[in-house]
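The first residue of the sequence shown is numbered 1, and numbering continues consecutively from there. Source: prediction; values computed, not measured. Quick note: numbers below take in every heavy atom, side chains included, and nothing from hydrogens, waters or symmetry partners.
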Amino acid sequence: MDAKKITDQISVAPQITAEDVRTIAAKGFRAIICNRPDGEGADQPAFDEIERVAREEGLTCRYLPVVSGKVTDADAADFGTALMELPGPVLAYCRTGTRCATLWSLSKAADTPTADILAATKSAGYDMAGVVRRIVNGGKTPTDTGDASYDVVIVGGGAAGIAVASSLKARRSGLEIAVIDPAGTHYYQPGWTMVGGGIFDAETTAKTMGSLIPKGVHWLKSAVAAFEPKDNAVVLDGCRVVKYKRLVVCPGLKLDWGAVEGLVETLGKNGVTSNYRYDLAPYTWELVRGFKGGRALFTQPPMPIKCAGAPQKALYLSANNWERMGRLGSVDVQFMNAGGVLFGVKDYVPALEKYIDRYGATVNYFHNLTAVDGSAKTATFTINRPDAEPETLMTEFDMMHVTPPQTAPDFIRVSPLADAAGWVDVDQATLRHAEYDNIWSLGDVMNAPNAKTAAAARMQAPIVAENLVDDIDGKSPTAIYNGYGSCPLTVERGKILLAEFGYGGVLLPTLPKWMIDGTKPTRAAWILKEQILPPVYWKAMLRGKEWMAKPEKISAS
């Protein structure tokens, strides 16, 4: 826990854990303010977890969630009111502490000289120069000039962002590139299914962000507040402005845990888990390993989601473990699928259906999870069958694996870069923005009709790098994306169905059929997933080594 003192009344900190609360109490703090919305990060404890321990320690808590980069004057006023009402000293936290420092600065704008605001926040390690600019400009952040400028700015330091930065550096080492991402840890998220299945340890899926940023690339550890594409500018938390010549947008998507009533409060307890969160994937394995029998629900929300096969991967690995333990006959396995098909590419469905039959699972189509009561062990689903009136079903469970609803991040959905549905609007072949010629997008956040997987990002990164360099050279884009995505469906321990496909569900196998027939579960595909793909991710993809991912070129006419 790294608390930074701004005044005697208020200190700010990056994300805290429940274990940190006792230290906070011991340091003399009497109240905690949370400025981070639940579900913002893949490794973030819910506010309820923090508040539960805080009450035990006699601390007062206040939940004032503010969307990253979207600090309003009303938010600042609420923060100022809280500081007056709460017993001090107060510790406020968010992802990095910047939001809290911004809220404090804006809340003091009316009665504190801007020089004093700058001095107090600087002593705590937060640069509020941009916030002061906003204050003196009547609440607006000017974007005609910037605090920094780069040849290429990349928004997002996940798989797509690091890979495209490395691919660009491999092509043009002299480019001044900045990656913007507030996270201190980078995760190999495809490994979390294996963590939940008892195969990987969670720690092997995480590395520090700083160790992965390519040499010579600047890392701006901040969140994006807004895009101003007409000024070639990105506004960051703290109202700082970064200018660019070319922009790449790939921040991933938002896991909307709060869209399911009661879910946030019960995650990680009452038998409710999810492989979509770093700290919960081990709880999945804990539940599976100790499950003696009863009803196990596995949910899948409406598309699009990150890795469309992951919800049923959790089902298959769990059921296979119960089968191996001799307990499967005592388990009622229910797959609650908001969609109408088992998998979106029909060629893979027959093999998957055999595993559904083998594990005695019941597939319930058009069932969308809307509420959870963890203490009562009940889940509520809305059933939306075609040409039928919506129905509501409440069912009991003993264990439930939840895949949360997913959307584009808030700062993307409200930006000029988004289409009507909130995703970054691109040409699906070149991945160039549909309106702004100096902007590209890749990964989960853009609107091309492909599967949202790490394998897709691995193919997209060299294409974006190639086309961006073409643009620097004054040429039209020469690399095209065919929609490739891959989903290794872990149907049992030791066997995987390797689904590889592109736009329109066209099969796009990487290896010859005699090596791996993707329509059938194979041991070879399991070895690929377990032993080969992790080092390929860390040592090739993120380092700009485009193994089996060279861009397909537009043929000359």
Side-chain angles (χ1 to χ4, degrees), residues 150-173 175 177-181 183 186-190 207 209 211-219 244 246-253 306-307 423-424 426-433 438-448 450-472 477-487 500 502-503 508 510 533-554:
Y150 302 93
D151 296 323
V152 181
V153 167
I154 299 169
V155 176
I162 300 295
V164 80
S166 295
S167 287
L168 281 169
K169 272 295 185 182
R171 286 166 171 79
R172 293 291 165 88
S173 60
L175 284 174
I177 301 172
V179 171
I180 302 173
D181 198 300
H186 178 107
Y187 296 101
Y188 176 57
Q189 295 182 31
K207 292 184 184 292
M209 184 72 78
S211 69
L212 299 173
I213 299 290
K215 185 178 180 181
V217 171
H218 304 269
W219 176 26
Y244 59 82
R246 290 168 181 83
L247 177 69
V248 180
V249 182
C250 47
L253 43 66
K306 183 196 300 281
C307 189
W423 305 95
V424 178
V426 299
D427 175 271
Q428 70 177 46
T430 64
L431 305 183
R432 195 176 204 169
H433 195 271
N438 65 337
I439 299 178
W440 287 260
S441 184
L442 70 156
D444 296 343
V445 79
M446 54 85 168
N447 67 353
N450 64 288
K452 297 183 183 296
T453 67
R458 185 171 68 87
M459 290 295 185
Q460 293 160 8
I463 289 166
V464 168
E466 191 80 9
N467 288 339
L468 192 150
V469 169
D470 283 339
D471 186 60
I472 292 173
T478 60
I480 59 172
Y481 176 53
N482 60 7
Y484 176 87
S486 174
C487 185
E500 296 180 282
Y503 290 138
L508 295 174
T510 302
L533 289 183
V536 165
Y537 180 87
W538 296 116
K539 298 180 180 179
M541 176 180 173
L542 299 189
R543 296 183 181 177
K545 298 174 183 177
E546 297 159 10
W547 178 66
M548 300 186 77
K550 293 293 182 185
E552 181 180 345
K553 295 300 192 80
I554 299 171

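Note that the SG atom of Cys250 and the CG atom of Leu431 stand 11.0 Å from one another [nearest 0.5 Å]. Going from atom CG of Asp471 over to atom OG1 of Thr478 covers 11.0 Å, rounded to the nearest 0.5 Å. A distance of 10.0 Å separates CH2 of Trp538 from CD1 of Ile162, quoted to the nearest 0.5 Å. One distance of note links CD1 of Ile213 with CG of Leu542; it measures 10.0 Å at 0.5 Å rounding. In this structure, Tyr187 OH and Met209 CE are separated by 9.5 Å, a value rounded to the nearest 0.5 Å. Within the model, atoms OH of Tyr484 and OG1 of Thr453 stand 7.5 Å from one another, a figure rounded to the nearest 0.5 Å.
Of the possible polar contacts, none joining the Asp427 side chain to the Arg432 backbone as a donor-acceptor pair under 3.5 Å is found. The backbone N or O of Tyr503 lies less than 3.5 Å from no partner atom in the side chain of Asn450, so there is not a single donor-acceptor pair.
For Lys169, the side chain to side chain contact (heavy atoms under 4.5 Å, CB included) partners at least two apart in sequence or on another chain are Ile177, Val217. Taking Arg171 as the reference, Glu466, Glu546 meet the salt bridge (charged side-chain N to carboxylate O under 4.0 Å, His left out) condition, with sequence neighbours excluded. Residues satisfying the side chain to side chain contact (heavy atoms under 4.5 Å, CB included) test with Ser173, not counting sequence neighbours, are none.
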Given side-chain contact (heavy atoms from CB on, under 4.5 Å), test Thr430 with Trp440 step by step and report yes or no.
-> CA-CA 9 Å; Thr430 64; Trp440 287 260; 5.6 Å; no
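Just one of Asp181, Leu247, Val179 meets the side-chain contact (heavy atoms from CB on, under 4.5 Å) condition when paired with Val155; it is Leu247.
Two residues are said to be in side-chain contact when any heavy atoms from C-beta on lie closer than 4.5 Å; Met459 and Asn482 fail this criterion. Here the side chains of Val164 and Gln460 are not in contact, with every heavy-atom distance at 4.5 Å or above.
When all heavy atoms are compared, the tightest approach of Ala456 to Tyr481 is CB-OH, 3.7 Å.
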